[in-house]
Each structure stands twice: as structure tokens, then as C-alpha cells.
2 protein chains.
Amino acid sequence: MQSRTSHARAGRPRSAAADAAILAATRAALVELGWSKLTLQDVATRAGVAKTTLYRRWAGKNELVVDAVAELFDELRLPDRGSLAADIEGVVLQFAAILARPEARSGLMAVVAESTRDAALRERIRMSIVDRQKRLVVRGRERAQARGELPGEDDAAAAARTADLIFDVVAGAVVHRTLVSAEPADEEWVRRFTQLLLLGLGEAARTGFAGAAGERGPDGKDARGRDG
Amino acid sequence: MQSRTSHARAGRPRSAAADAAILAATRAALVELGWSKLTLQDVATRAGVAKTTLYRRWAGKNELVVDAVAELFDELRLPDRGSLAADIEGVVLQFAAILARPEARSGLMAVVAESTRDAALRERIRMSIVDRQKRLVVRGRERAQARGELPGEDDAAAAARTADLIFDVVAGAVVHRTLVSAEPADEEWVRRFTQLLLLGLGEAARTGFAGAAGERGPDGKDARGRDG
DNA sequence: GCCATTACGCTACGAGCCGTAGCGAAAGCG
DNA sequence: CGCTTTCGCTACGGCTCGTAGCGTAATGGC
């Protein structure tokens with residue numbers, strides 16, 4: 001069977017359990033040691049494998065950490081909460097929860113920094129982490145357009161550019177808040193951010209901007225869409 | 001006289017020229033080698049000083065790179081272009097120009113990553129890099145409020161939270177665009193981003209969002225303030 | 001069951017960088 | 001001229017990296 005599904009070449013197959021153990025050990029090491037003090041020898045010991053096994057599967061520290069961190073983003077979902085605002089808040093809160101974990105904080109920025117000088121690494125990050133997030137933006141936007149909350153776009157290229165822009169704004173804001181400003185992207189912050197994103201600077205400020213007093217938008221439409 | 005101005009304790013004073021040479025050498029090494037392959041021995045050789053001199057002035061690689069990169073942000077200015085939109089575009093373009101330089105790309109994210117596990121380093125980054133940027137947001141917002149483009153805010157604490165939010169959105173978006181998406185934050189992107197920030201998702205999309213056809217805001221006010 | 005093939009654990013190794021210690025010389029101050 | 005601090009230089013132990021080599025384990029083909 002294996003000969004058909006994945007052309008299993010003869011020989012001893014790689015241990016899938018070892019893969020999982022290594023990635024879990026990498027995350028544990030990231031939590032305890034952080035990026036700079038993480039060594040492959042330490043990861044190997046934690047995972048119960050030999051150091052040479054690590055080098056047979058990953059080119060180095062960068063690639064290993066990318067794969068270890070990428071698994072954290074598997075849990076990202078796009079819940080249908082009934083309105084664009086509520087959908088944004090939901091997915092942003094999930095994203096913020098992942099970035100609040102120490103293994104993501106210390107690992108993600110480090111590999112992004114490394115990727116500025118390594119095109120292959122940048123591509124690996126894009127495929128296993130970034131694109132998965134961007135897909136949520138695209139689908140959420142389509143959903144909002146189907147609801148009539150956002151106008152449709154005829155030009156496909158323009159639609160892609162817009163999705164890229166929105167993605168950079170959303171992901172960038174959460175990352176900057178969490179890692180640079182080093183303050184939590186909690187529910188109140190997400191509410192205020194969502195209002196700013198939907199209404200813009202002038203209009204959002206005019207509605208009080210507080211979230212507590214401004215859950216409903218100025219056009220009378222329920223901004224959170226709990227009951228329609 | 002120095003005994004009064006800066007209590008210059010007796011002994012040979014530190015060479016200011018060495019400081020400048022070391023920081024310049026650090027930036028040069030960042031360009032050629034990137035963060036991970038940058039060694040203090042290499043920086044010392046480039047600067048024409050001994051390695052021990054580096055350790056007498058900086059605790060390690062992290063602190064050195066923070067200071068070297070911080071100088072890049074000295075050139076940030078807040079030009080008065082006549083309108084909030086034009087001011088935002090101007091300062092964002094300056095920020096993008098700095099982030100386009102390789103010494104900023106490879107150095108900035110790396111020290112931010114390190115700062116997730118080092119509170120002292122995080123404070124150093126905040127003081128010498130982040131706060132300088134944030135001040136531009138605060139002043140630009142005050143200017144827009146004086147112009148009547150944005151409503152004033154009575155609560156000082158709420159005003160500070162709003163400034164923080166705007167700052168995270170602006171800086172985060174540019175950083176994410178430049179370093180994660182790895183695409184240039186050029187004039188067209190900045191135009192579209194500014195429109196999104198000012199008008200919000202729904203309204204900005206409704207105006208076409210393109211920039212080329214949307215240089216003027218929907219309220220008829222020239223969004224770029226070039227010739228009126 | 002036997003063999004070719006691949007993965008694995010283990011050890012050892014040179015190379016490079018880190019951060020520090022110690023020394024003599026240089027450059028300021030009074 | 002003494003005192004103090006900085007500087008250049010050398011040397012060092014300790015650590016990590018990435019690889020090589022070897023014997024063993026596990027699988028598929030025959």
C-alpha cells in the first residue's frame with residue numbers, strides 16, 4: 001500500500017513519532033530557553049533522539065523552529081458569528097491567543113528576522129504560516145460581501161491587493177501590539193481595533209471609540225451582529 | 001569645566017569617535033552578514049578597535065545592535081503637508097524607507113525577538129526606537145484635531161489608549177508588509193493604506209479603494225494636499 | 001528467509017565564537 | 001609629575017556547530 005500512496009522507497013521508514021516528539025521538544029525548549037539559547041543538542045535530548053537525526057530531517061535551527069511554530073497555527077478557525085465585526089473580533093482573538101504563548105513569541109519573530117536574508121526560509125514561512133492566516137481574511141471578506149456588508153469587487157487583481165492590505169493591517173497590528181508594545185491584545189483592545197478598521201479614524205473617534213459605549217455603529221446596524 | 005557639566009571623572013575619556021565607528025561598523029556588518037552571522041570580533045575589526053572595547057561599552061550583541069539601528073530612526077520627521085491624510089502618507093513613507101534598508105530589516109526584528117525574553121532589552125528598544133515613533137503619532141493627531149479633521153478627546157487616558165492603538169496599527173502594518181509579506185510599502189500601497197485607515201473597511205471599499213482613481217476623499221477634500 | 005536500502009544512535013572531531021582576565025601603554029586631570 | 005581610566009593586545013576555558021564514521025535496527029523486494 002505504501003508503495004502506491006507515497007512511493008515508499010525500500011529501507012527503514014522515518015519514525016513519525018520522532019517528528020512529533022522533536023517538534024514538541026522544540027516548543028518546550030523555546031518556552032524555557034528562548035530562541036537564542038536554544039541548541040539542537042538540547043532539543044535532541046528532550047525528544048529522546050540523537051542530534052544527527054535532527055540534521056537528517058532539518059537543515060538547521062531556522063527550519064526546525066518554523067515547523068514547530070507552524071503547528072501552533074493549526075487551530076486557527078474562522079467562526080461564523082453573523083457579522084463582519086464579530087467575525088473579525090473572533091479571528092483576531094484567536095490570533096492574539098496564539099501570539100500570547102511564549103513559544104510563539106520567541107520563535108516567530110526570530111525566524112522572520114532570519115528570513116530577511118534567506119529567501120528559502122521566507123518561502124517556508126509563507127507557505128506554512130502566513131498563507132494559512134491570509135486565507136481566513138479572504139474567506140471572511142467573501143462572507144461579508146455575500147452578506148452585503150462589503151461591496152463586491154469586479155477586478156480580481158484589485159481584490160487580491162485589497163485582501164493583502166487588510167491582512168497586513170490586521171496581522172501587523174496584533175503582532176506589533178503583542179511583541180513590540182508588549183501589551184495584551186485583550187477583548188477590549190480587539191473591540192476598539194475592529195471598530196477602527198471598520199469605520200476609520202474619523203468616524204470611529206466620533207462614536208466615542210470606547211467599545212463599552214460604542215458597541216453599536218453609528219448607522220444603527222448592530223456592529224457585533226449577535227442577534228441580527 | 002567638564003567637572004561641572006558632566007562630572008568627568010579623572011582619567012582618559014572614552015573616544016566618541018570610537019562609538020561612532022563601532023555603530024557604523026555594526027550597521028555595515030548587518031548589511032553584509034545579517035544578524036545571525038554577525039560577530040563582535042568582526043565588528044571590532046571593522047571599527048578598528050579591540051574586541052574588549054566593545055564589551056566595556058555594551059553588554060552584548062543585543063544592546064549594540066539596538067543602538068546601531070536606533071540611529072537610523074533619527075531622521076524621522078513629521079512634515080506638515082496640510083491634511084491628515086497627507087501627513088500620514090508622509091510619515092509612513094519615511095518609516096517604510098527606513099525599513100527598506102537591509103541593516104534595519106535584519107537587525108530590528110532580531111532584537112525585538114530577543115526582547116520577548118529580556119525586559120531590560122525591551123525597555124531599551126522602547127526608549128530609543130519605539131517612543132520616538134509614537135511621538136509622531138501623538139503630534140500628528142493633535143495637529144489633525146487642531147485642524148478640525150478629528151474630534152477632540154476629553155479623557156486623557158482614553159486619548160492615550162487611542163494613540164497607542166493607532167500607533168500599533170500604523171507601525172504594525174508597515175512592518176508586516178515590509179518584513180513578513182516582503183513586499184515594498186511603496187507610494188501606491190501607502191495611499192491605499194491611508195485611505196483604509198481614515199475611512200474604514202466599508203467606506204474605503206465603496207470609494208473604489210484604488211488610489212489612482214481615489215486621490216480625493218469622498219468629502220471632496222484633497223487627500224494629498226499637493227496643490228489644492 | 002535473505003539481501004539491499006534506508007533510518008537511527010552513538011562517538012568523536014575541527015572550527016568558530018563567546019566572554020573574561022591580565023598586562024603594558026596611552027591620554028586625560030590636578 | 002602622580003592618579004585614574006581607557007585602550008590594544010594576547011590568551012584562555014567553555015560552549016555550540018555541523019559533519020564523519022561506524023555498527024545496529026527496521027522495512028520492502030525477491
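Protein chains get the first letters and strands the later ones, always in sequence-line order, with residue 1 at the start of each.
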inquiry  = Check this for me: does any side-chain nitrogen of one of B:R177 and A:D164 sit under 4.0 Å from a carboxylate oxygen of the other?
reply    = no
To the nearest angstrom, the CG-P distance between A:L54 and D:dT19 comes to 13 Å
### Query
Any N or O donor-acceptor pair linking the side chain of A:R56 to the base of C:dG9 at under 3.5 Å?
yes
On DNA chain C, more 5' by nearest nucleotide between B:A59 and A:G48 is A:G48
Of C:dA7, D:dC7, C:dG9, the nucleotide closest to the side chain of B:S15 is D:dC7
Discussion item. With a cut-off of less than 4.0 Å, is there a side-chain N or O of B:T39 near OP1 or OP2 of C:dG16?
Written reply: no
Q. Can you say whether the rings of A:F73 and A:F95 are parallel (under 30°), tilted (30 to 60°) or perpendicular (over 60°)?
A. tilted
Taken to the nearest whole Å, CD1/B:I22 to P/D:dC7 is 8 Å
Between CD of A:Q41 and C1' of D:dT19 the distance, given in whole Å, is 14 Å
note: B:L64, atom CG; C:dG19, atom C1'; distance rounded to Å ~ 15 Å
Kindly say whether, by distance alone, the side chain of A:T52 makes a donor-acceptor pair under 3.5 Å with the base of C:dC10?
-> yes
Between CZ of B:R57 and P of D:dT5 the distance, given in whole Å, is 16 Å
Review point. Should the pair A:R27-A:E32 be classified as a salt bridge under the 4.0 Å nitrogen-to-oxygen rule?
Key: no
Heavy-atom nearest nucleotide on DNA chain C taken for A:G11 and for B:G60; more 5' hit belongs to A:G11
note: A:R14, atom CZ; C:dG9, atom C1'; distance rounded to Å ~ 15 Å
- Give a yes/no answer on whether the side chain of B:T53 brings an N or O atom under 4.0 Å of OP1 or OP2 in D:dG8. yes
Check your understanding: Between B:R81 and B:D87, is there a salt bridge with N-O shorter than 4.0 Å?
Key -> no
For a quick check, tell me whether the side chain of A:K51 and the base of D:dG18 share a donor-acceptor pair closer than 3.5 Å.
yes
note: A:Y55, atom OH; C:dA7, atom P; distance rounded to Å ~ 18 Å
Next item on the list: Please determine if A:D118 and A:R122 form a salt bridge, counting it only when a charged side-chain N lies under 4.0 Å from a carboxylate O.
Entry: no
Rounded to whole Å, the NZ-P distance (B:K61 to C:dG19) equals 9 Å
Quick note, A:R12 side chain, CB onward, closest among D:dT5, C:dG9, C:dA7 is C:dA7
Of D:dG18, C:dC18, C:dA7, the nucleotide closest to the side chain of B:L40 is C:dC18
